[in-house]
Structures are given as structure tokens and as C-alpha cells.
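FYI, the numbering just counts along the sequence from 1. When a ligand or atom number is given, it counts from 1 through the structure's own listing order.
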Amino acid sequence: MKSYRKELTFKTKTRRAYLNITPQVEAALAESGVKEGLCLVNAMNITASVFINDNESGLHRDFESWLEKLAPEKPHSQYAHNGYEDNADAHLKRTIMGRECVVAITNGRLDFGTWEQIFYAEFDGMREKRVLVKIIGE
Ligand code: ZN
């Protein structure tokens, strides 16, 4: 069995952002040489998410407004976590949107459903954060 590991690094210009990272994951898969197996992609930070959904900008604005209703960033004082930090909302948003995704690899390609793409969601950005890509298979 082959095993491949790669870290991707992101530093967004804004506190929150949604990035389509499918091309970087496909590049990692090509480097791995794996044709049949599994590809795990996970955020390595507790205020960012990796999830799969549609690459449609209206939907991304809908995620943003929905998450702001569930866990509004401000006022920072509404959260017990925000003593020395101001990112409690980012922890909550990350929990809702998830830590990772797993995609099957078939014939050397990510075996997506219709319109599926992999996204990195940043909820406390403007600093460097890592995403792990782990690929196993033959
Ligand atoms: Zn925190």
C-alpha cells in the first residue's frame, strides 16, 4: 500500500473566507501516484473547516449569513471563550462546518458526486494555517 502526506498552507486576507482547494488536492493526488484508495483532507486548526459542497458564490454568501446568525462574531463579549481571544465564533463555526472530508479515489481521480468540490473555510484568518492531505491506496 502507498501512503502519501502533504500539508497545504493558507493565509487569507480577511477574517472569514471560502476557498476552493480542489485543484491543490488533485495535484497532491497526482503526486501520490495512487490510483485506487482514499483521500483525507482536514483542517489542522480549530478555527477552520474543510467541507464538500457546490462551487457557487451565492451559496458561499448563504453559508456566511447562516453561520453569522448561528454564531455571530460580535459582540465579542457574548462568549465565555473570549477572555484573551476574540475568536469563539470561529470555533463554533468550525464545529458546524466540520473538520475534514474523505473522498474515494477511483482510476486515479477524486470520485466526486455531481457538483462536489472541496473547500477550505477560514473563520479566523489573516494568519498562516495548515491543511493536511493524506492519501492511502495502491
Ligand atoms: Zn480561541
Side-chain angles (χ1 to χ4, degrees):
M1 188 192 74
K2 285 181 193 165
S3 174
Y4 173 93
R5 182 186 192 276
K6 184 174 194 175
E7 289 183 11
L8 308 175
T9 305
F10 300 97
K11 184 179 179 182
T12 61
K13 291 191 176 76
T14 52
R15 180 176 169 107
R16 286 189 293 279
Y18 300 87
L19 309 178
N20 186 345
I21 62 168
T22 310
Q24 290 96 315
V25 178
E26 286 173 337
L29 175 55
E31 284 171 30
S32 77
V34 171
K35 301 297 179 198
E36 297 290 326
L38 292 172
C39 176
L40 165 75
V41 186
N42 69 267
M44 297 182 85
N45 191 285
I46 51 180
T47 55
S49 289
V50 170
F51 68 96
I52 293 183
N53 218 300
D54 194 359
N55 188 26
E56 198 277 307
S57 60
L59 180 66
H60 301 167
R61 290 196 299 277
D62 291 336
F63 279 132
E64 170 65 16
S65 58
W66 177 63
L67 290 168
E68 269 297 288
K69 279 179 207 158
L70 291 170
E73 179 193 339
K74 292 173 181 169
H76 293 143
S77 60
Q78 72 189 303
Y79 297 106
H81 178 67
N82 286 346
Y84 298 98
E85 293 189 277
D86 67 357
N87 65 359
D89 70 300
H91 290 279
L92 299 173
K93 287 165 174 144
R94 183 270 168 99
T95 303
I96 293 164
M97 295 303 288
R99 172 182 181 263
E100 78 278 305
C101 68
V102 178
V103 183
I105 300 160
T106 305
N107 294 325
R109 306 280 306 271
L110 296 172
D111 203 341
F112 285 128
T114 307
W115 302 116
E116 284 187 339
Q117 295 278 283
I118 303 170
F119 293 90
Y120 174 73
E122 177 60 77
F123 303 119
D124 185 19
M126 300 178 287
R127 57 197 171 105
E128 233 171 56
K129 296 210 189 150
R130 293 174 298 150
V131 167
L132 176 66
V133 180
K134 182 85 181 192
I135 297 170
I136 56 171
E138 299 294 337

#### Entry: Residue Asn82, metal the Zn ion (ligand 1), N/O/S under 2.8 Å
no

### Query
With a cut-off of 2.8 Å, does any N, O or S atom of Asp124 fall short of it relative to the Zn ion (ligand 1)?
no

### Query
In terms of the angle between their ring planes, are Trp66 and Phe63 parallel, tilted or perpendicular, with boundaries placed at 30° and 60°?
tilted

### Message
Centre-to-centre under 6.0 Å for His91 and Tyr79, is that the case here?
### Response
no

### Rounded to 10 degrees, the angle NE2 of His91 makes with NE2 of His81 at the Zn ion (ligand 1)
90°

### Query
By atom name, which N, O or S atom of Glu85 is the nearest to the Zn ion (ligand 1)?
OE1

### Task
Would you please say whether a donor-acceptor pair under 3.5 Å links the side chains of Ser32 and Lys6?
no

### Task
Check Ile135, Leu38, Ile52, Val41 against Val103 for a side-chain contact (heavy atoms from CB on, under 4.5 Å) and give me the one that passes.
Ile52

